[in-house]
Amino acid sequence: SPQVVWSMLGNRQFCSYKMTTKTQNFCRNEYNLTGLCNRSSCPLANSQYATVREEKGRCYLYMKTIERAAFPRRLWERVLLSKNYEKALEEIDENLIYWPRFIRHKCKQRFTKITQYLIRIRKLTLKRQRKLVPLRRKIERRENRREEKALVAAQLDSAIEKELLERLKQDTYGDIYNFPIHAFDKALQQQDAESESESEAEREEDDDDEGKREFVEAEDSELSDFEDMDKLETSSEEEEEVEKEASHSKSKGKTPLKGPARRKRPHIEIEYEEETEPGTK
Amino acid sequence: AGEGSGPVPGDGAGPPAPERVLFPPTFSVSEIKNKQRRHFMFLRWKQQQRKEKLALKKKRRKEREALGDKAPPKAVPKTIENQRVYDETTVDPNDEEVAFDEATDEFASYFNRQTVPKILITTSDRPRGRTVRFCEQLATVIPNSHVYYRRGLALKRIIPQCIARDFTDLIVINEDRKIPNGLVLSHLPDGPTAHFRMSSVRLRKEIKRKGKEPTEHVPEVILNNFTTRLGHSIGRMFAALFPHDPQFIGRQVATFHNQRDYIFFRFHRYIFKSEKKVGIQELGPRFTLKLRSLQKGTFDSKFGEYEWIHKRREMDTSRRKFHL
């Protein structure tokens with residue numbers, strides 16, 4: 001009889017469906033109506049019991065009566081409920097007409113909850129769903145390692161500095177920066193006469209390229225060196241003469257543009273070459 | 001039994017003059033069972049190896065100096081970049097076909113200065129704080145860009161609206177577990193769409209020795225090492241984000257540096273200290289990208305026509321083969 005069952009399973013002995021937590025006991029039996037382990041909601045300890053369960057989006061009412069207690073295979077009788085919410089509630093009422101109030105009420109509550117979550121499922125599938133792509137640990141680790149090594153090999157700072165200096169050489173900045181170009185003096189003095197004519201032609205080309213985004217493949221720039229030399233020498237020629245006098249004033253004019261103060265030569269050095277001719281000879 | 005050495009090396013002080021010790025020729029250090037002794041013998045062996053190597057180096061250097069001018073040129077050390085498998089799609093700077101392609105592709109209108117870039121930056125659903133801040137910083141780096149929140153809108157519906165409002169590019173930053181980890185860059189009037197994996201994102205406050213905020217000036221763009229056809233088209237995509245005429249007064253430069261298929265993005269402020277020295281100061285966010293796929297039209301994951309997808313089994317087989 002159900003009282004005996006309950007006194008055994010519910011309180012004293014072991015019930016495999018029972019899950020205890022700090023505050024509450026749960027029942028894992030699939031026919032349980034509320035999910036809690038109570039005297040009134042245990043499907044094993046009640047000979048007359050009913051539940052609502054859903055399968056593939058359709059809700060069924062499951063009922064168990066005393067008459068069939070001896071036939072486990074026919075124990076649970078199931079009734080398909082209509083898709084219409086109100087009609088289904090009426091069907092539950094019809095089927096459980098003389099049943100205890102508790103079971104009827106809980107069945108209807110459970111049915112309500114089930115329909116609500118089915119509606120939500122249908123709504124969610126219409127929205128965009130996130131596709132979860134599993135990460136492979138080995139591959140992630142490999143990529144991170146390779147990224148670090150690539151970063152080291154890239155030497156970003158020096159690459160950027162090189163590129164900026166290249167652009168400065170190729171005159172993309174125009175007249176903003178005015179540097180006296182001592183270093184190329186000696187090398188360029190040799191090529192003075194030859195390149196004067198060439199440089200004019202190159203100057204014209206260069207104006208078009210000013211400000212145009214260039215793809216620099218940092219690897220091959222064999223030709224550019226020669227071009228640079230040619231261009232620079234001509235500008236250096238002019239500047240050489242004007243250098244010593246005007247550079248100081250030019251720099252004064254330019255420094256407000258540059259943030260930190262650029263320290264140019266504080267005073268002009270003028271060298272005098274004297275041929276020592278002792279008066280006696 | 002295989003030791004046969006006179007002095008016992010278990011004392012720790014160690015015997016002097018290892019030359020006097022004789023071993024049977026089939027002896028190897030790994031055969032000693034005693035760990036302490038084995039370790040000691042191994043260290044001794046290592047020291048010997050080092051000495052020999054040093055002697056060899058000295059000898060070679062002396063020979064080099066002795067030969068003087070006639071010495072053979074120094075051997076160039078092998079690096080991964082040296083040993084890179086030659087890619088047949090490498091762009092030759094004088095290639096006419098490439099030049100013709102570039103004149104007629106989707107970016108031609110940008111490079112002919114017909115369109116001004118206008119960029120929309122957005123994220124995936126429900127971005128977390130880090131991603132939001134990253135978007136804001138990215139918006140300061142890229143001029144003429146706007147950040148809009150996603151709020152659950154479908155990309156397919158956003159794109160026609162963007163085109164209607166004259167946006168030229170769309171950037172979507174994907175987020176996972178509160179950090180940005182993916183970037184979709186789409187050129188809008190049905191341009192190519194590139195999907196990247198983004199890693200090591202550093203916000204401005206996490207960068208050490210950083211400068212002040214980037215100003216409103218249009219930065220320059222540096223694109224390094226984009227050699228193959230694929231790399232070229234990606235490079236053009238990046239270039240098309242920035243307006244064509246940089247303001248040199250601002251002295252800001254945005255760099256996309258490709259190294260072994262990883263694209264490093266940096267944003268610096270530079271100053272020329274002399275004609276041979278330049279100082280750079282990093283401002284702005286930094287991140288690295290790795291290309292995952294390039295699609296011909298705008299973003300369409302189901303029906304898009306993919307120009308290039310990263311297939312791990314086929315493409316990651318060789319360590320010296322890179323695609324960008």
Side-chain angles (χ1 to χ4, degrees), chain A residues 127-128 130-133 135-136 139-140 142-144 146-169 172-174 176-184 210-221 223 232 257-260 262-264, chain B residues 79-81 90-91 93 111 124-125 152-155 176 197 199-200 211 220-227 231-232 235-236 239-240 242 244-246 248-249 251 253 255 257-262 264 266 268-280 282 286 288 290 301 312 316 319:
Chain A
K127 281 196 179 180
R128 293 187 333 265
R130 283 224 151 133
K131 183 177 174 194
L132 296 174
V133 175
L135 294 177
R136 291 200 187 81
I139 294 177
E140 290 297 307
R142 199 209 297 168
E143 307 236 305
N144 289 336
R146 288 199 180 162
E147 186 190 320
E148 287 166 11
K149 302 210 168 167
L151 185 62
V152 169
Q155 294 170 343
L156 281 172
D157 288 343
S158 44
I160 297 178
E161 288 170 8
K162 246 197 264 176
E163 173 60 25
L164 289 171
L165 288 172
E166 278 284 321
R167 290 194 181 177
L168 182 69
K169 271 198 236 168
T172 44
Y173 300 127
I176 307 180
Y177 303 108
N178 250 315
F179 288 116
I181 312 175
H182 325 280
F184 301 102
E210 228 181 34
K212 187 177 178 184
R213 205 88 353 88
E214 297 175 328
F215 288 95
V216 182
E217 289 136 24
E219 306 157 25
D220 45 12
S221 50
L223 297 173
L232 282 164
L257 286 179
K258 310 194 201 287
R262 288 184 59 235
R263 271 179 242 109
K264 270 241 156 169
Chain B
T79 62
I80 293 186
E81 280 77 27
T90 308
V91 172
F111 283 102
S124 54
D125 280 344
L153 301 168
L155 272 182
D176 179 53
R197 170 196 133 104
S199 44
S200 22
E220 294 175 49
V221 177
I222 293 183
L223 298 152
N224 267 344
N225 267 348
F226 288 97
T227 47
H232 229 66
R236 283 162 71 78
F242 293 89
H244 223 280
D245 302 304
F248 298 120
I249 311 179
R251 283 185 292 126
V253 58
T255 311
H257 181 106
N258 170 41
Q259 186 83 14
R260 303 183 194 173
D261 279 358
Y262 288 95
F264 299 101
R266 300 285 186 269
H268 291 280
R269 184 172 280 144
Y270 62 87
I271 175 166
F272 284 106
K273 296 180 190 159
S274 69
E275 83 274 7
K276 277 209 185 164
K277 263 181 71 174
V278 58
I280 54 176
E282 182 161 8
R286 65 153 84 152
T288 51
K290 185 160 201 268
S301 42
R312 187 175 58 88
D316 269 354
R319 288 186 201 212

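Numbered from 1 within each chain, the chains take letters A, B, ... in sequence-line order.
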| message | Heavy-atom cut-off 4.5 Å, strictly under: side chain, backbone, both or neither for A/Leu164 against chain B? | response | both
| message | For A/Lys127, which atoms come within 4.5 Å of any heavy atom of chain B: side chain, backbone, both, or neither? | response | neither
| field | Beyond-backbone contact of A/Lys149 with B/Arg260, side-chain heavy atoms, under 4.5 angstrom | value | yes
| request: Could you check B/Gln259 against A/Gln155 for side chain to side chain donor-acceptor pair (under 3.5 Å), going step by step and ending with a plain yes or no? | output: CA-CA 10 Å; B/Gln259 186 83 14; A/Gln155 294 170 343; over 6 Å; no
| What class does the angle between the rings of B/His244 and B/Phe111 fall in, given that below 30° is parallel, 30 to 60° is tilted and above 60° is perpendicular? | perpendicular
| task | With a 4.5 angstrom heavy-atom cut-off, could you sort out which part of A/Leu151 is near chain B: side chain, backbone, both or neither? | result | both
| Test log, rule side chain to side chain contact (heavy atoms under 4.5 Å, CB included), inputs B/Asn225 and B/His257 | CA-CA 7 Å; B/Asn225 267 348; B/His257 181 106; 3.9 Å; yes
| Structural part of B/Glu81 lying under 4.5 Å from a heavy atom of chain A | side chain
| task | Supply the atom-to-atom distance A/Ser158 OG to A/Leu165 CG, rounded to the nearest 0.5 angstrom. | result | 11.0 Å
| Which atom pair, heavy atoms only, marks the closest approach of B/Tyr262 to A/Ala150? | CD1-CB, 4.0 Å
| remark: When the 4.5 angstrom heavy-atom criterion is applied to B/Arg269 and chain A, the contacting part is neither
| Closest-packed option against chain A by number of heavy-atom pairs under 4.5 Å, given B/Asp125, B/Val253, B/Asp316 | B/Asp125
| said: I'd like to verify something: which residue of B/Ile280, B/Thr255, B/Asp261 has the highest number of heavy-atom pairs under 4.5 Å with chain A? | reply: B/Ile280
